[in-house]
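From a predicted model like this one, the values you see are computed outputs, not experimental measurements. Just follow the structure's listing: the first ligand is 1, and inside any ligand the first atom is 1. Only heavy atoms go into these numbers, but all of them, side chains included; no hydrogens, no water, no symmetry mates.
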Amino acid sequence: MADPELQQTLQCIRCGTCLNHCPVYTRIGGHAYGFVYPGPIGKILNPQIEGLKKAGALVTASSLCEACAEVCPVKIPIPQLLRRLRSESYSTEPSCTVKEYGCRHNLIDSLTWKGWEVINTRPRLNAIGHKIMGFVGSKIPPLGPLKQWNRYRTMPKFAKKSLHQLVEEQGVENE
Ligand code: SF4
């Protein structure tokens, strides 16, 4: 309540519109993730009540399509608050306010995202990375957690050509 951004969560009138328009919750039903408050609003409310250790996974389980924010009659910016909670899960900044902030912070994650930043802020490196993934991506066998995921799903195929390559082939300038 003391946090001006997160305080917007409390404007909810529990109309359920966000649940009925969310592409995920319209298929899986209300209490699929085991918390009292379901749906997109639950994704931001539960972590603030229960803490990010127990309920932090909820904030990562979203594609951020923003359908919830579009239909909410009281204009709660759910995707913005999801991003804020995600950030607090990993941040150790003293300005964080959510219970158990920083609980997901670890060295491997930090290094992974640092690497991601390095690759994706350098166009040449990014293009090389895309070429490599296009070539080896489909040949990587489903191991570890991917193996479980693939029990009921088909592994998506990596495109042979990146969007940049396709655009170039169409004669569009690619900078
Ligand atoms: S649409 Fe808005 S007001 Fe309605 S339940 Fe969702 S967050 Fe609450």
Side-chain angles (χ1 to χ4, degrees), residues 1-121 126 142 144-159 163:
M1 182 129 188
D3 187 298
E5 190 183 25
L6 294 171
Q7 192 186 77
Q8 298 173 88
T9 312
L10 301 175
Q11 292 168 7
C12 178
I13 55 171
R14 305 180 80 178
C15 66
T17 309
C18 56
L19 277 87
N20 292 326
H21 286 79
C22 172
V24 175
Y25 278 96
T26 47
R27 283 166 182 78
I28 62 172
H31 290 99
Y33 294 129
F35 290 93
V36 174
Y37 299 104
I41 184 64
K43 278 173 182 279
I44 57 170
L45 183 56
N46 291 310
Q48 292 181 66
I49 297 171
E50 307 273 355
L52 286 165
K53 228 181 240 173
K54 187 173 174 194
L58 288 176
V59 302
T60 61
S62 168
S63 67
L64 298 174
C65 74
E66 309 216 354
C68 50
E70 213 169 291
V71 296
C72 175
V74 290
K75 304 285 172 221
I76 300 173
I78 297 174
Q80 179 191 320
L81 301 184
L82 279 171
R83 283 191 285 269
R84 163 75 188 279
L85 292 166
R86 282 183 188 184
S87 160
E88 292 225 357
S89 301
Y90 291 93
S91 175
T92 50
E93 293 290 322
S95 57
C96 293
T97 59
V98 182
K99 192 172 155 189
E100 295 162 348
Y101 70 83
C103 63
R104 287 169 183 249
H105 176 83
N106 66 59
L107 190 62
I108 293 174
D109 268 11
S110 302
L111 291 175
T112 304
W113 287 112
K114 194 71 210 161
W116 187 91
E117 183 192 323
V118 168
I119 291 170
N120 288 291
T121 51
N126 180 281
L146 277 182
K147 202 172 172 185
Q148 190 69 7
W149 193 84
N150 275 306
R151 273 180 69 195
Y152 305 107
R153 301 174 186 89
T154 309
M155 179 87 165
K157 285 200 172 24
F158 281 79
L163 179 62

Inset, instruction - Run the numbers on R84 and T97 for side-chain hydrogen bond (donor to acceptor under 3.5 Å, both in side chains), then give the verdict. - result: CA-CA 10 Å; R84 163 75 188 279; T97 59; 3.2 Å; yes
Inset, instruction - Determine how many protein N/O/S atoms sit closer than 2.8 Å to atom 4 (Fe) of ligand 1, leaving waters out since they are not shown. - result: 1
Legend entry - Residues in side chain to side chain contact (heavy atoms under 4.5 Å, CB included) contact with C72, at least two apart in sequence or another chain: V74, I76
Legend entry - Validation row: Y37, R14 side chains within 4.5 angstrom (heavy atoms): yes
Legend entry - pair D109-H105: side-chain heavy atoms closer than 4.5 Å: no
Legend entry - Side chain proximity check, E100 to S89, heavy atoms < 4.5 angstrom: no
Legend entry - Side-chain donor/acceptor of E88 to backbone N/O of Y101, under 3.5 Å: no
